[in-house]
Protein chains: 2
Amino acid sequence: MTPAMTTATPSRRERLRAETIADIKDAARRLLVTGGPTAISLRAIARDVGLTAPALYRYFDGLDALVLAIVSDLFEDLRTTVQDIAADHAGEEALTRIAHMARGFRRWALAHPAEFALMFGSPVPGVTPFSGLCGPIVDAGARFGETFFAVLGEHYEHHPYVGEPHDLPDAALRELLRPYTETFGDRFPLPVVYLFVAAWTRLYGIVAMEVFGHLAWATTDVEPLFEVELARTVRQLAR
Amino acid sequence: MTPAMTTATPSRRERLRAETIADIKDAARRLLVTGGPTAISLRAIARDVGLTAPALYRYFDGLDALVLAIVSDLFEDLRTTVQDIAADHAGEEALTRIAHMARGFRRWALAHPAEFALMFGSPVPGVTPFSGLCGPIVDAGARFGETFFAVLGEHYEHHPYVGEPHDLPDAALRELLRPYTETFGDRFPLPVVYLFVAAWTRLYGIVAMEVFGHLAWATTDVEPLFEVELARTVRQLAR
DNA sequence: GCGAATCGGTGAACGGCGTTTACCCTTGCA
DNA sequence: TGCAAGGGTAAACGCCGTTCACCGATTCGC
């Protein structure tokens, strides 16, 4: 709340504070990767950082707030990862770029299973309330979705949606997708959004099942299946 | 280990024991539905049942074992639910029966979000080890999958798989799906199994995202999307 | 019928957890 | 120089899973 609330003159105090916050987050993420989401505990973090547990309350409102902040950071990490992949393939067809991004998403998830579980797993507390009280996470998730929407937008610039008659009347669709339009506006024809959400659920389904080990009964290597589903989905997205 | 290890002569002691076990499980499931997976605690259960926490160790090896037993029960519940739906639609086309079963799966998941999270959510501890040390769950999950495979079998009796050339050579496919064949044998052509797993990941993806609240940013009512995806998937399964 | 073993239960304790409170020292600013 | 705010601590409360020693009742073999 000082006049220098932006990044101007980080004032010794603020610098130390920022460092401590970074240390806390680092410790939390170390615990996350080594022991899973439940291994994140204030006392363990405090031990790692060299503080006592109550001291952490000077930096976060409690364990939930800390985890929330970390989830936001993770979304940002994942977003830049996917974004970079999109940039690496600049110039290629938009839909093939999306395919690359989807592969990057899967790779990231497999490389960071605990983080993925924290971000995309079951929100334990009240099963849904978790998603309720987390404005920052919604924002971070929105920015993440934005990167996909951006590339999808490129595609529909060159291949405008021709509007094959959809099962749902447009009025009903507009009502259904109101949460989307409230967040992202109306950049796309609603049937396109619909297709995109369907594609996203497929990507999530196969990656989540793989990361959570729910496909171990079926196969040793999910990658071929992933590629087949990805090809099908992108083809469908190209309508 | 008594000579009457089967259900013969339930011997007073065994009867009381079975009742207590049922009470414990009931209490645990009450806690599960009211407070989510993390609300299951030995002490809370003991309070509900009218015991002390250590007493529960006479019935279960610890919290994890108890939760494991409950997950097995839940899989059995879900299995009979889906099975009953299949029976209700006996005589109909096999693939439309599968569609009904899929709808039943979604309905059950939406009606039992906490249970669903426990069964199909992120296995928190070591992210994968959970699935590792749980033979009974694998069995229960296998029985659950079996009910779908049974109906799928009916379909391929009447419409034998014609074997459109698959992207993968059969030898590679056999290797990939070895875990499946070890559990379920070789009742189906492997490409069929492949199609089935793909269908299952789609069903899981859309239902899990809905139950976990990960689709709230997009839509208020997932059902139309679900129906569209279901139709697409069943159509694909009919190849 | 009686002794002995097993079963099922308890209370106490250990260590870990999140969180709150009261207190303190240091830093930074007027 | 003084004083307020920031950042830290120790102690405590009430949860948790788990282990241990102990004990009464039940059951079983003789």
Side-chain angles (χ1 to χ4, degrees), chain A residues 1-5 8-25 27-28 30-32 34-70 124-126 130 133, chain B residues 1-5 8-25 27-28 30-32 34-70 124-126 130 133:
Chain A
M1 295 308 174
T2 80
M5 225 200 76
T9 59
S11 106
R12 182 179 152 80
R13 271 254 247 256
E14 284 168 348
R15 192 164 34 81
L16 288 181
R17 184 177 177 82
E19 275 178 27
T20 307
I21 287 181
D23 288 349
I24 293 172
K25 284 181 174 178
R30 263 193 307 275
L31 290 168
L32 172 62
T34 60
T38 58
I40 306 179
S41 85
L42 290 183
R43 292 187 130 108
I45 294 169
R47 275 192 299 270
D48 274 24
V49 182
L51 289 175
T52 60
L56 301 183
Y57 282 78
R58 304 289 179 187
Y59 300 91
F60 296 94
D61 281 342
L63 181 62
D64 288 359
L66 201 168
V67 172
L68 232 61
I70 287 179
V124 257
F130 184 42
L133 48 81
Chain B
M1 296 310 171
T2 80
M5 225 201 77
T9 60
S11 108
R12 182 179 152 81
R13 270 252 246 254
E14 285 168 347
R15 194 164 33 82
L16 289 180
R17 185 178 176 82
E19 275 178 27
T20 307
I21 288 182
D23 288 349
I24 294 173
K25 284 180 173 177
R30 263 193 307 275
L31 290 168
L32 172 62
T34 61
T38 57
I40 305 179
S41 85
L42 290 184
R43 293 187 128 108
I45 294 169
R47 275 192 299 270
D48 274 24
V49 183
L51 289 176
T52 60
L56 301 183
Y57 282 77
R58 304 291 178 186
Y59 300 92
F60 295 94
D61 282 342
L63 181 62
D64 289 0
L66 202 168
V67 172
L68 231 63
I70 287 179
V124 258
F130 184 40
L133 47 83

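Just so it is clear: chains get the letters A, B, ... in the order the sequence lines come, proteins before strands, and each one is counted from 1. These numbers were taken from a predicted model, which means no experiment stands behind them. Worth knowing before you read on, the calculation uses all heavy atoms, side chains too, and leaves out hydrogens, waters and symmetry mates.
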Spacing between [X] atom [atom1] and [N] atom [atom2], to the nearest angstrom:
{"X": "B/Arg43", "N": "C/dA12", "atom1": "CZ", "atom2": "C1'", "answer": "11 Å"}
{"X": "A/Glu14", "N": "C/dC29", "atom1": "CD", "atom2": "C1'", "answer": "14 Å"}
{"X": "B/Leu42", "N": "C/dC14", "atom1": "CG", "atom2": "P", "answer": "20 Å"}
{"X": "B/Asp64", "N": "D/dC16", "atom1": "CG", "atom2": "P", "answer": "16 Å"}
{"X": "A/Asp61", "N": "C/dG18", "atom1": "CG", "atom2": "P", "answer": "15 Å"}
{"X": "B/Arg15", "N": "D/dT27", "atom1": "CZ", "atom2": "P", "answer": "10 Å"}
{"X": "A/Ile21", "N": "D/dG8", "atom1": "CD1", "atom2": "P", "answer": "11 Å"}
{"X": "A/Tyr57", "N": "D/dA12", "atom1": "OH", "atom2": "C1'", "answer": "14 Å"}

Check: B/Ile45 and B/Leu66 side chains under 4.5 Å, non-hydrogen atoms |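 When only atoms from C-beta onward are counted, B/Ile45 and B/Leu66 do touch, with a gap below 4.5 Å.
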
Measure across B/Arg58 and B/Arg17 and return the closest heavy-atom pair with its distance rounded to 0.1 Å.
-> O-NH2, 2.9 Å

Do any side-chain nitrogens or oxygens of [X] fall under 4.0 Å of OP1 or OP2 in [N]?
{"X": "B/Tyr59", "N": "C/dG8", "answer": "no"}
{"X": "A/Arg47", "N": "C/dC17", "answer": "yes"}
{"X": "A/Ser41", "N": "C/dC17", "answer": "yes"}

Under-3.5 Å donor-acceptor pair between A/Arg17 side chain and D/dG6 base |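 Absent.
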
Tell me which of A/Ile40 and A/Arg58 sits closer to the 5' end of DNA chain C, going by the nucleotide each one is nearest to.
->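 Result: A/Ile40.
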
Nearest 0.5 Å, what's the [atom1]-[atom2] distance between [X] and [Y]?
{"X": "B/Ile21", "Y": "B/Leu56", "atom1": "CD1", "atom2": "CG", "answer": "11.0 Å"}
{"X": "B/Lys25", "Y": "B/Tyr59", "atom1": "NZ", "atom2": "OH", "answer": "13.5 Å"}
{"X": "B/Leu42", "Y": "B/Leu51", "atom1": "CG", "atom2": "CG", "answer": "11.5 Å"}

Counting heavy atoms from C-beta on, name the nucleotide in C/dT20, C/dG11, D/dG8 closest to the side chain of B/Thr52.
-> C/dG11

Counting any heavy atom closer than 4.0 Å, what does A/Leu16 reach on the DNA or RNA strands: base, sugar-phosphate only, or nothing?
->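 If one applies the 4.0 Å heavy-atom cut-off, A/Leu16 turns out to touch nothing in the nucleic acid.
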
